[in-house]
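First comes the structure, then the notes that go with it.
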Amino acid sequence: MPDTDPRTPRNDPPPDGTGELPPDGTERDETEPERADRNFAELLQELRVTQTGVQILFAFLLTIAFTAAFPRLDSFQRGTYVTTLLLSVLAAVLFTAPAAVHRGLFRQGAKPEIVTVSSRLAAAGLAVLAPALASAVLLVVDVVHGTPEGIVTAVATLLVCAVLWGVLPAMMRRRLNGSADPSRGPDPERSEPGR
């Protein structure tokens, strides 16, 4: 009787009878649980990078309120400070939520769902982090050079985030999908939730 344990990697030949795995992203010899584990591990690596930046920003913001210069901030600058602080807190919560989701569903057989939800939380975290970064830049440049310069640099920061975090991946995805052979159908590695 063949081994049907989902923890055992599949070594069966592909169903097309050629003996070769197709080059459409299904070349990984892994089970669905293994794929979910790998995707979650990759997502956690991404979150480690972004979360470090959020923690540094948050620490910077916490120290500002206790400096001698803080009482001299005008109402716009204080509003910008509070906005930046709240956006940073929200980004930190969104980036740490996947760990809480995983902990809450540990050993429940829900890894694919955890990966999907965690990926959406990470995307939401990036969507909040961009205005948090722009707001921090606005605050610093406003204090150093003035409000008009602060607004210009904040908009530039948002544009850079949008291009690098949104436009660039979309262009790469379009190029990858455009170069794929349409007769093979969608690439499950690229189209699965959480990727």
Side-chain angles (χ1 to χ4, degrees), residues 36-106 110-173 190 192-195:
D37 286 342
R38 179 179 51 81
N39 285 342
F40 192 64
E42 290 176 7
L43 179 64
L44 289 178
Q45 277 301 107
E46 295 168 10
L47 291 173
R48 284 184 187 104
V49 171
T50 55
Q51 192 172 25
T52 300
V54 171
Q55 289 170 339
I56 292 168
L57 175 60
F58 189 62
F60 163 74
L61 291 169
L62 288 178
T63 62
I64 287 178
F66 300 103
T67 64
F70 189 78
R72 292 192 301 265
L73 296 181
D74 62 30
S75 61
F76 177 77
Q77 293 165 340
R78 285 176 188 250
T80 302
Y81 170 80
V82 170
T83 300
T84 306
L85 183 69
L86 294 176
L87 287 169
S88 298
V89 168
L90 182 55
V93 169
L94 288 166
F95 287 136
T96 56
V101 170
H102 180 263
R103 182 59 26 215
L105 296 173
F106 188 65
K111 187 65 71 76
E113 292 83 4
I114 292 170
V115 170
T116 299
V117 168
S118 296
S119 180
R120 290 180 182 149
L121 289 167
L126 287 173
V128 172
L129 181 57
L133 293 172
S135 185
V137 168
L138 170 59
L139 176 62
V140 171
V141 176
D142 182 15
V143 169
V144 174
H145 288 291
T147 304
E149 294 88 349
I151 291 171
V152 168
T153 56
V155 169
T157 301
L158 276 177
L159 287 174
V160 168
C161 290
V163 167
L164 294 178
W165 298 351
V167 175
L168 178 63
M171 288 172 52
M172 293 174 69
R173 189 171 29 255
R190 293 187 190 124
E192 68 182 270
R195 276 302 295 170

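Positions are given from 1 along the sequence.
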Which heavy-atom pair separates Pro98 from Phe40 by the least distance, and what is that distance? O-CZ, 4.2 Å
If you take all heavy atoms of Pro71 and Ala68, which pair is closest and at what distance? CD-O, 3.2 Å
Checking Thr147, Thr80, Thr153 against Asp142 for side chain to side chain donor-acceptor pair (under 3.5 Å), the one that qualifies is Thr147
Looking only at non-hydrogen atoms, find the nearest pair between Val115 and Ala36 and report the distance. CG2-O, 3.4 Å
What's the spacing between Leu57 CG and Ser135 OG if we round to 0.5 Å? 9.0 Å
Report yes or no: does Thr116 contribute a side-chain atom to a donor-acceptor pair with the main-chain N or O of Pro112 at less than 3.5 Å? yes
Separation of Thr50 OG1 from Leu47 CG (nearest 0.5 Å): 5.0 Å
How many angstroms lie between atom CG of Leu73 and atom CG of Leu139, to the nearest 0.5 angstrom? 6.5 Å
Would you check if the side chain of Tyr81 reaches a backbone N or O of Leu61 as a donor-acceptor pair within less than 3.5 Å? yes
Smallest heavy-atom separation, Ala122 atom then Leu43 atom, equals CB-CD1, 4.0 Å
Show, in sequence, the C-alpha distance, side-chain angles and deciding distance for Val152 and Val155, and conclude whether the side-chain contact (heavy atoms from CB on, under 4.5 Å) test is met. CA-CA 5 Å; Val152 168; Val155 169; 6.0 Å; no
Less than 6.0 angstrom from the centroid, inside 45 degrees of the normal: does Arg103 satisfy that with respect to the ring of Phe106? yes
Minimum heavy-atom distance between Cys161 and Leu133, given as atom pair plus value: SG-CD1, 4.2 Å
Does any part of the side chain of Leu138, heavy atoms only, come nearer than 4.5 Å to the side chain of Thr83, both counted from C-beta? no
Check whether Phe95 forms a cation-pi arrangement with Arg48 (NZ or CZ under 6.0 Å from the six-membered ring centre, at most 45° off the ring normal). no
For side-chain contact (heavy atoms from CB on, under 4.5 Å), just list the numbers for Leu62 and Leu85, CA-CA rounded to whole Å, side-chain angles, deciding distance to a tenth of an Å, and then say yes or no. CA-CA 8 Å; Leu62 288 178; Leu85 183 69; 4.1 Å; yes
If I take atom CZ from residue Arg173 and atom CG from residue Leu168, how far apart are they, to the nearest 0.5 angstrom? 10.0 Å
Please report the closest heavy-atom contact between His145 and Glu149, naming both atoms and the distance. O-OE1, 3.3 Å
Nearest 0.5 Å please: distance from the OG atom of Ser119 over to the CD atom of Glu42. 11.0 Å
Does the side chain of Val140 come within less than 4.5 Å of Phe60's, by heavy atoms? yes
Can you tell me how far apart CD (Gln51) and CG (Leu44) are? Round to the nearest 0.5 Å. 10.0 Å
